[in-house]
Amino acid sequence: MKKLLEGKYGRFVLPAVILQSVLMGGGFATGREIVEFGAKYGALGWLGGVGIFIGFRIMAILMFEFSRKFKVFNYRTMLKELIGPFWFLFDIVYLLLAILIIAIMASATGEILNRTLGLNYWVGVILIIVIVGILNFYGKGLIERFKTLGTLSLMIGYVIFATLVISTTWESALEVLRSGDTSFISGKVSIFAVLWSGILYVGYNLAVYPAALFSIKRQQSIKDSVIAGIVGGVLMTFPWFLTYFSLLGFYPNEEVLGATVPWLEMLDGFPLIVIIIFGIVVGWTLVETASGMIHAFVDRLDSQIKDLANRELTDMQKGLIAVGTLILAVILAQVGIIDLISKGYTAMAYAMIAVFAIPLLTIGVYKIFFQK
C-alpha cells in the first residue's frame, strides 16, 4: 500500500479520491442534494451537471497547483498565501459549512440506519462519532488508506444502486427528456437558473477541497496538478449523473422528489438486502465526509498552535476535537434535512464562492502563472 501511495497513484489519483470521498456525504448520499441542485429541473437538469463537472475540474486543478507551487498543505497556510490577513473569513465559513454538512449527514444516517437496519437513531449516530474520532486520533496515514478502500466500495455501491433503479425506470426517464418536462418547478425554467444551480452546488462543495491538501505533497509538477484535477472532476461528477438519471425515472413524483432521503424511496420495493447494503454504504459516506473535513480543520489548528506555542496537538486532542465537532453537528441536525439543504447549503455556497472561489480564480491564477 505504501508503494502505491508514493507512486503515480499518489500523485495523480489519491488527491481526487480524497476529494470525491469527502464530497460523497454532503453531495450525493441522500439524493436530496441532487434534487435541490439539478433534478428538480427535470429534462434540463443535465445542464447543471455539465456546469458542475467544469467547475469541479477547474477548482481542483487550481487548488492542487497553488498548493504544490507554494507548498501550502493545510487550508490556513493556503488561505494566508491566497488572501493574506482575510484568511480568517474562510475559517469561519469553512467551520460553519463543515458542521452543516455533517449535520445533514448525521440526520440522514440516523433515519437510514433506522429504516434499513432497524437500529435506534442514536445508536447509528454514536457509532459514527466513535469511528470518526478514532480516524482522527490515528491521523492522515489511516485516513488515506481508509479513503482509498472506502471510495472504491462506495463507487461500486452507487453504481449498483443506480443500475437497479435506472434499469427499471429508464423508459420513464427518456420520456421526461423527450417531452422536456420541468413540471416539478412552477413556472418557466430558464437555462441560466439551471446553470446557476450547478454553480451553487460547486460553491458549497468547495468546503471539501481543503481535505485533500495534505496529499498534495507528493505532486512534482503542474502536469500532476492538471491530471489530478481532471481525475477529480470526473470522480466528483460521475455520482451526480448516476443520481440525476435515477431520479429522472420518477420525475415529477412528489413522494420521491419531496422526500428527505429520496434514495430510500427509489429503492423501495427492491429486496431487503439491497436496502441494508445501502444503509451501510451511506453510513460509510458520513464517516468519510466527517473524517475528511474534520481532519482538514484539525490540521489548520495544529498549524496555528505550532506558530503560537511551538508544540503540536496530541492524538487525544485531535480525537476530542473531532468528537466535539460531531456533537455540535448532531444538535444542528434536529432542524431537518430539507431545510438544511435548501436554505443552509445555498447561503453557505454564496459565502464559500466569495471567500475561496473568487480569490482562487483571480489572485490564485495570477500567482500561479506570474509570481515566481
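Here the structure is a predicted model, which means the values were calculated and not measured.
Under the side-chain contact (heavy atoms from CB on, under 4.5 Å) criterion, Phe192 pairs with Ser190, Trp196, not counting sequence neighbours. Not counting sequence neighbours, the partners of Asp181 by the side chain to side chain donor-acceptor pair (under 3.5 Å) test are Ser183. For Trp170, there are no side chain to side chain donor-acceptor pair (under 3.5 Å) partners two or more places apart in sequence or in a different chain. Scored by the side-chain contact (heavy atoms from CB on, under 4.5 Å) test, Phe270 finds Leu164, Val165, Thr168, Leu267, Val274 as partners (sequence neighbours excluded).
For Trp46, the CH2 atom sits in a loose shell: 12 or fewer heavy atoms of surrounding residues, nucleotides or ligands are nearer than 6.0 Å. Around atom CZ of Phe88, more than 12 heavy atoms belonging to other residues, nucleotides or ligands sit under 6.0 Å away. Within 6.0 Å of atom CD in Gln371, more than 12 heavy atoms from other residues, nucleotides or ligands are found, so the atom counts as buried in its surroundings.
Here the OG1-CG distance, from Thr77 to Leu213, works out to 7.5 Å after rounding to the nearest 0.5 Å. A distance of 11.5 Å separates CD1 of Ile222 from CD1 of Ile227, quoted to the nearest 0.5 Å. Distance CD1/Ile166 to OG/Ser172: 12.5 Å, rounded to 0.5 Å. Distance check, rounded to the nearest 0.5 Å: CD1 of Ile160 to CG of Leu242 gives 11.5 Å. Taking CZ of Phe161 as the reference point, atom OG of Ser246 lies at 11.0 Å (rounded to 0.5 Å). Interatomic distance, Lys40 NZ to Phe184 CZ, rounded to the nearest 0.5 Å: 8.5 Å.
Closest approach of Arg178 to Glu171, counting heavy atoms only: NH2-OE1, 4.2 Å. Here the shortest heavy-atom pairing between Pro15 and Phe64 reads CB-CZ, 3.6 Å. Among all heavy-atom pairs drawn from Ile34 and Tyr201, the shortest one is CD1-OH, 3.9 Å. In terms of heavy atoms, Gly229 sits closest to Ala60 at CA-CB, 3.8 Å. Across all non-hydrogen atoms, the minimal contact from Gly55 to Tyr209 is O-OH, 4.4 Å. For the residue pair Leu248 and Ala43, the shortest heavy atom distance occurs at CD1-N, 4.4 Å.
Tyr9 is listed as a side-chain neighbour of Val17, based on a closest heavy-atom distance under 4.5 Å. Between Pro262 and Val35, some side-chain heavy-atom pair lies under the 4.5 Å cut-off.
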Output side-chain donor-acceptor pairs under 3.5 Å for residues 352-367, partner residues at least two apart or in another chain, one line each.
unit_1, atom_1, unit_2, atom_2, d
Thr362, OG1, Ile358, O, 2.6
Thr362, OG1, Pro359, O, 3.4
Lys367, NZ, Glu81, O, 2.6
Lys367, NZ, Glu81, OE2, 3.4

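Checked options Val50, Val189, Ile185, Thr182; the residue passing with Val194 is Val189 (criterion: side chain to side chain contact (heavy atoms under 4.5 Å, CB included)).
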- Item | side chain to side chain contact (heavy atoms under 4.5 Å, CB included) evaluation trace for Met63 with Met78 | CA-CA 9 Å; Met63 190 195 76; Met78 179 184 179; 3.3 Å; yes

- Item | side chain to side chain contact (heavy atoms under 4.5 Å, CB included) evaluation trace for Phe56 with Leu235 | CA-CA 10 Å; Phe56 277 152; Leu235 288 182; over 6 Å; no

- Message: Quick one, Thr169 with Phe245, criterion side chain to side chain contact (heavy atoms under 4.5 Å, CB included). Give me CA distance, side-chain angles, the key distance, then yes/no.
- Response: CA-CA 9 Å; Thr169 61; Phe245 284 113; over 6 Å; no

- Task: Begin from the C-alpha positions of Val234 and Phe53 and carry the test side chain to side chain contact (heavy atoms under 4.5 Å, CB included) through to its verdict.
- Result: CA-CA 7 Å; Val234 172; Phe53 169 67; 3.9 Å; yes

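Note: Tyr94 and Phe90 have parallel aromatic rings, judged against thresholds of 30 and 60 degrees for the angle between ring planes. The aromatic rings of Tyr244 and Phe241 sit perpendicular, their planes meeting at an angle over 60°, well past the 30° parallel limit. Ring pair Phe37/Tyr204 is tilted by interplanar angle, where 30° to 60° counts as tilted.
Applying the side-chain hydrogen bond (donor to acceptor under 3.5 Å, both in side chains) test to residues at least two apart or on different chains, the pairs with a partner in residues 223-239 are Arg11-Asp224, Glu65-Ser225, Gln219-Ser225.
Of the possible polar contacts, one joining the Arg32 side chain to the Ala259 backbone as a donor-acceptor pair under 3.5 Å is found.
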